[in-house]
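To start, the structure itself, in structure tokens.
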Amino acid sequence: MTDKEVFEYHGYEEQCKHITSEMHELTSAIQKYELLKETQNPLPLWNHICEELEDVQFMLNQIKEYYSIKEKNTNAWGVYKRKREHKRIKEGYYEKKNE
């Protein structure tokens, strides 16, 4: 079964809810790791991040297949976003924004 077929099986509405849930779970796993890594064995916490990251990636792959989005369609955006972020950091954008 392809990722597109999984997306279609569950339907647009359900998968939109599901990806939001998966992103929340990833964020929670990262926050838990940062909070507890000094007082607990960090490996299970790190593994949880890996698991949740893959859940989000699975959802993203479904969306890419459903909308026929290829890497070449997103690569230019990735280059642009990274360059913009590097420029903002270099120019102190975030320091100015927080003043």
Which pair of non-hydrogen atoms, one from Glu52 and one from Leu26, has the smallest distance, and what is that distance? CB-CA, 3.6 Å
pair His10-Val6: side-chain heavy atoms closer than 4.5 Å: yes
If you measure from CG on Asn41 to CG on Asn47, what distance do you get to the nearest 0.5 Å? 9.5 Å
Same cluster (ILVMFWY, side-chain, under 4.5 Å), Leu35 and Ile49: yes
Any donor-acceptor N or O pair under 3.5 Å, side chains Glu22, His18: yes
For His24, give me all partners under side chain to side chain contact (heavy atoms under 4.5 Å, CB included), at least two apart in sequence or on another chain. Ser28
Decide whether Tyr67 and Met1 are clustered together by the hydrophobic rule: side chain heavy atoms of Ile, Leu, Val, Met, Phe, Trp, Tyr closer than 4.5 Å, transitively. no
Which pairs of donor and acceptor atoms, one on a side chain in residues 71-78, lie under 3.5 Å apart (sequence neighbours left out)?
from, atom 1, to, atom 2, distance (Å)
Glu71, OE2, Lys64, NZ, 3.1
Asn73, OD1, Lys70, N, 2.7
Thr74, OG1, Glu71, O, 3.2
Asn75, ND2, Glu71, O, 3.4

For Thr27, give me all partners under side chain to side chain contact (heavy atoms under 4.5 Å, CB included), at least two apart in sequence or on another chain. Gln31
Heavy atoms only: give me the nearest Thr20-Cys16 pair and the separation to one decimal. OG1-O, 3.1 Å
Closest non-hydrogen atom pair between Tyr33 and Trp46, with its separation: CD1-N, 3.7 Å
Distance, nearest 0.5 Å, that separates CG of Leu53 from CD1 of Ile30: 7.5 Å
With sequence neighbours left out, the residues meeting ring-ring contact (aromatic ring centres under 6.0 Å, His included) with Tyr66 are Phe7
Check against side-chain contact (heavy atoms from CB on, under 4.5 Å), Leu60 and Gln57: CA-CA 5 Å; Leu60 292 173; Gln57 188 61 54; 4.2 Å; yes
At what distance, to the nearest 0.5 angstrom, does CD of Gln15 lie from CD of Glu8? 11.0 Å
Could you check whether atom NZ of Lys37 has more than 12 heavy atoms from other residues, nucleotides or ligands sitting under 6.0 Å from it? yes
Is Glu91 salt-bridged to Arg88, going by a charged N under 4.0 Å from an acidic O? no
Look up atom CG in Leu45 and atom SG in Cys50, then write down how far apart they are to the nearest 0.5 Å. 11.0 Å
Please enumerate all residues that pass side chain to side chain contact (heavy atoms under 4.5 Å, CB included) together with Glu65, with sequence neighbours excluded. Thr2, Asp3, Lys4
Would you please name every residue forming a side chain to side chain contact (heavy atoms under 4.5 Å, CB included) with Ile89, sequence neighbours left out? Glu85, Tyr94
Report yes or no: do Phe58 and Ile19 belong to one cluster of Ile/Leu/Val/Met/Phe/Trp/Tyr joined by side chain heavy-atom distances under 4.5 Å? no
